[in-house]
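Okay, so here's the structure we're looking at.
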Amino acid sequence: MIPAIRGTHDILPGEVEKWQYVERLARQLCDRFGYVEVRTPVIEREELFAKGTGETTDIVQKEMYSFTDKGGDRITLRPEATPSMVRAFVEHNLENALPSAKIFAMGPMFRYERPQKGRYRQFHQFDVEAFGIEDPAVDAEVIDLAWSLVSGLGIPQAELVINSVGCPACRPRFQDALLAAVKDDLPKLCGDCQRRATTNPLRIYDCKIPADQPIIDALPHSVDYLCEPCATHFTAVKGYLDAAGIPWRQSHRLVRGLDYYTRTTFEILGQTLGAQNALLGGGRYDGLVKTLGGADRTGIGFAAGLERLVLALPETAPIAATPRAFIVAIGEDGRAAAWTLLRSLRQAGLAAQMEFDARSVRAQMKRADRLAARVTLIVGGDELARGEITLRDMATGDQHAIAHDAIVETVRTYL
RNA sequence: GUGGGUGUAGCUCAAUGGCAGAGCACCGGUCUGUGGCACCGGUUGUUGCGGGUUCGAUUCCCGUCAUCCACCCCA
């Protein structure tokens, strides 16, 4: 046997229905909110992520699947969706080509990480992006879409956390204040925090070491250093969320691992996922479009982990099976008649199956039961002689002789 | 990339340094043309893979792969 690659998974029947349920609701919500689908390639130039996701991020530094192709180009399997969406927005001038530049995508992403619950090497994201709208209402709309997805799926105990990390005008002041505050206590912090202080100071807020918490609690908060426009923007976002009745919690410790975020950042956390508890995360990235060679346009979006949404789904998630008919054929004549009946039902738009091997009636009935067929159609010598088909209602056990010509329409009333 | 736990039938799990088991599932029968319930019978294994110790390893040891948990990171 040749096994699947580490950190990748086959999604089999029994599981795939949950995915379809999640994907269906995501598409419905996008349609309702006015976001249109864009499908971008799985492979991109390596530099797209180096510039877009950020050279200093762990994703770019150690998690990308990159290789040189036969033409000598550096290629990367996308580790996240946003840079591709920005590239497509710029490359196809979507702000003019579309009525509004609100787009979404779904598909596989790749990161070379150690797999664990909720974290895989090939994983799947539902990604939503809105370009060129600076008004805080769009921040709230994107968060509303995210919240509607999680609550619409019935995921229990989900929590929306928001923060504002400021903009290029005000963030340097905050970072200076943060570094100054950390400096004094740096020797008392854990090794990871000491490393973060030089590589990515904001991540100190992510530290879970109990001994570090008093020091971290005393560090400055980004929201206290916002410039006037950023503070006004953030207040407005919260106002829209309140007006929508969406519960949120503000946390100065919400820091996101990507370099491009400005102003609003948010996550929705699940309670049943273990350490990988972020169902989705996102925020505003007002400088990214320009960084990637486009005009100076704002952007905001989020990415949801489909594996994590599926994991967090409640037991009661409605997974509906298509009602179907099953044909039990007896004898060679019966099997020949069953084959034409099977095709008639399918041509009429009905779901129908039959047993292809010549097995006992009992075995065929068992198969019908296992397939959860609504009705079983029995085609044997007796029925053929009378020009009829026996229809058995599998729920009640009632059987009726139906004229051959009327069978398709009769079955339709059961399905 | 680091530390720890676990790998036995399709699934969930037993067992023992000496012939590898159960329940469920599957197949057949009781019921020669009728599912679910019941009973009877049957099939199913390179004990994850490779090496070592041993007369003998599924069991003990090492490596490796996978998986789970935590770190790290993030969806």
Side-chain angles (χ1 to χ4, degrees), chain A residues 1-9 12 14 22 53 57-63 78-82 106-128 146 149-150 190-193 195-196 199-200 203 206-209 254-258 267-270 273-282 301-312 326-331 334 355 357 359-384 390-399:
Chain A
M1 184 188 65
I2 302 168
I5 301 280
R6 180 177 205 187
T8 71
H9 293 281
L12 301 174
V22 171
T53 307
T57 61
D58 277 28
I59 290 174
V60 170
Q61 286 192 351
K62 52 191 188 191
E63 295 176 3
R78 60 182 183 193
E80 61 143 343
T82 301
M106 268 189 247
M109 307 292 156
F110 303 86
R111 294 183 199 171
Y112 191 84
E113 295 188 276
R114 181 121 168 211
Q116 70 182 70
K117 191 181 189 74
R119 189 175 79 180
Y120 312 101
R121 289 186 174 181
Q122 177 176 334
F123 61 104
H124 300 78
Q125 286 187 339
F126 165 52
D127 184 77
V128 172
L149 176 64
V150 171
C190 69
D192 281 328
C193 283
R195 179 178 51 78
R196 289 174 180 127
T199 58
N200 195 347
R203 293 222 72 87
D206 258 354
C207 180
K208 292 157 192 150
I209 306 291
L254 171 62
V255 289
R256 314 232 58 252
L258 308 182
E267 286 183 356
I268 294 180
L269 308 178
L273 294 171
Q276 309 301 321
N277 66 343
L279 290 164
L280 60 87
F302 71 85
L306 294 183
E307 282 83 357
R308 294 184 185 178
L309 291 173
V310 167
L311 274 171
F326 190 88
I327 304 173
V328 169
I330 303 162
E355 185 80 30
D357 291 319
R359 306 181 65 207
S360 70
V361 172
R362 176 183 164 76
Q364 294 184 66
M365 288 299 297
K366 281 188 140 178
R367 179 85 67 196
D369 187 56
R370 205 172 157 209
L371 287 167
R374 289 281 169 82
V375 293
T376 297
L377 308 176
I378 300 165
V379 186
D382 299 351
E383 287 82 0
L384 289 174
T390 299
L391 182 152
R392 179 181 178 87
D393 182 326
M394 294 299 278
T396 65
D398 295 339
Q399 295 196 175

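Quick note on labels: first sequence line is chain A, next is B, and so on, each numbered from 1.
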Side chain of A:Glu113, base of B:A75: donor and acceptor closer than 3.5 Å? yes
Check: A:Arg392 and A:Met365 side chains under 4.5 Å, non-hydrogen atoms: yes
Shortest non-hydrogen separation from A:Gln122 to A:Pro108 and the atoms involved: NE2-CB, 3.4 Å
Taking NZ from A:Lys62 and C1' from B:U2, how many angstroms apart are they, rounded to a whole number? 11 Å
Using a heavy-atom cut-off of under 4.0 Å over every strand shown, decide if A:Gly7 touches base, sugar-phosphate, or nothing. sugar-phosphate
Given RNA chain B, 5'-ward residue of the pair A:Ala275 and A:Arg6, judged by closest heavy atom: A:Arg6
When rounded to the nearest 0.5 angstrom, what is the spacing between CG in A:Leu311 and CD in A:Gln276? 11.0 Å
Lys/Arg cation over aromatic A:Phe326: A:Arg367, 6.0 Å, 45° cone: no
A:Met109 CE to B:A75 P: how many Å, rounded? 11 Å
Base, sugar-phosphate or nothing for A:Ala368? Non-hydrogen atoms, less than 4.0 Å. nothing
Whole-Å distance between B:A66 P and A:His9 NE2? 11 Å
When you compare B:A70 with B:U43, how far apart are their P atoms, in angstrom units rounded to a whole number? 44 Å
Look at all strands and tell whether A:Gly118 reaches a base, only sugar-phosphate, or nothing, counting heavy atoms closer than 4.0 Å. base
Report yes or no: is there a donor-acceptor pair, N or O only, under 3.5 Å between the side chain of A:Arg114 and the base of B:C71? no
Within this structure, what is the CG-to-C1' distance between A:Leu311 and B:C68, rounded to whole angstrom? 13 Å
How is A:Tyr120 classified with respect to the nucleic acid when contacts are heavy atoms under 4.0 Å: base, sugar-phosphate, or nothing? base
Between A:Leu149 and A:Leu309, is any pair of side-chain heavy atoms under 4.5 Å apart? yes
Integer-rounded Å distance: B:C73 C1' and A:Glu307 CD: 16 Å
Separation of the P atoms in B:C72 and B:G3, to the nearest angstrom: 15 Å
Any chance the side chains of A:Thr390 and A:Glu383 put a donor and an acceptor closer than 3.5 Å? yes
Is there a donor-acceptor pair closer than 3.5 Å between any side-chain N or O of A:Arg121 and the backbone N or O of A:Glu113? yes
What is the distance, rounded to the nearest whole Å, between atom CD of A:Gln276 and atom P of B:C74? 10 Å
Is there side-chain contact between A:Phe110 and A:Phe123, with at least one heavy-atom pair below 4.5 Å? no
Pairwise C1' distance, B:C13 and B:G1 [rounded to whole Å]: 34 Å
Using whole Å, report how far CZ of A:Arg119 lies from C1' of B:C72. 7 Å
When rounded to the nearest Å, what value does the distance between P atoms of B:A22 and B:G45 take? 14 Å
Rounded to the nearest Å, what distance is computed from the CG atom of residue A:Asn277 to the P atom of nucleotide B:C74? 13 Å
For B:G23 versus B:C39, give the span between their P atoms, rounded off to a whole number of Å. 11 Å
Pair assignment for RNA chain B - dot-bracket with | for other-strand partners, Watson-Crick or G-U under 3.5 Å: (((((((..((((....[..)))).(((((.......))))).....(((((..]....))))))))))))....
Using atom P in both nucleotides, what's the gap between B:C71 and B:A14 to the nearest angstrom? 27 Å
Say you pick atom P in B:G51 and the same atom in B:G56; how far apart are they, in whole Å? 15 Å
Under a 4.0 Å heavy-atom criterion, the protein footprint on nucleotides 23-37 of chain B, written with B, S and -, is ---SSSBBB-BBBB-
Side-chain touch A:Met109/A:His124, heavy atoms, less than 4.5 angstrom: no
Is the closest side-chain heavy-atom distance between A:Glu63 and A:Asp58 below 4.5 Å? yes
Distance criterion of 3.5 Å, no angle test: do you see the side chain of A:Arg203 paired donor-to-acceptor with the base of B:C72? no
Within the structure provided, determine whether A:Leu269 and A:Leu279 are in side-chain contact (heavy-atom separation under 4.5 Å). no
Residue mapping more 5' on RNA chain B - nearest nucleotide basis, A:Ile5 or A:Gly305: A:Ile5
In whole angstrom, give me the gap between the P atoms of B:C55 and B:G63. 24 Å
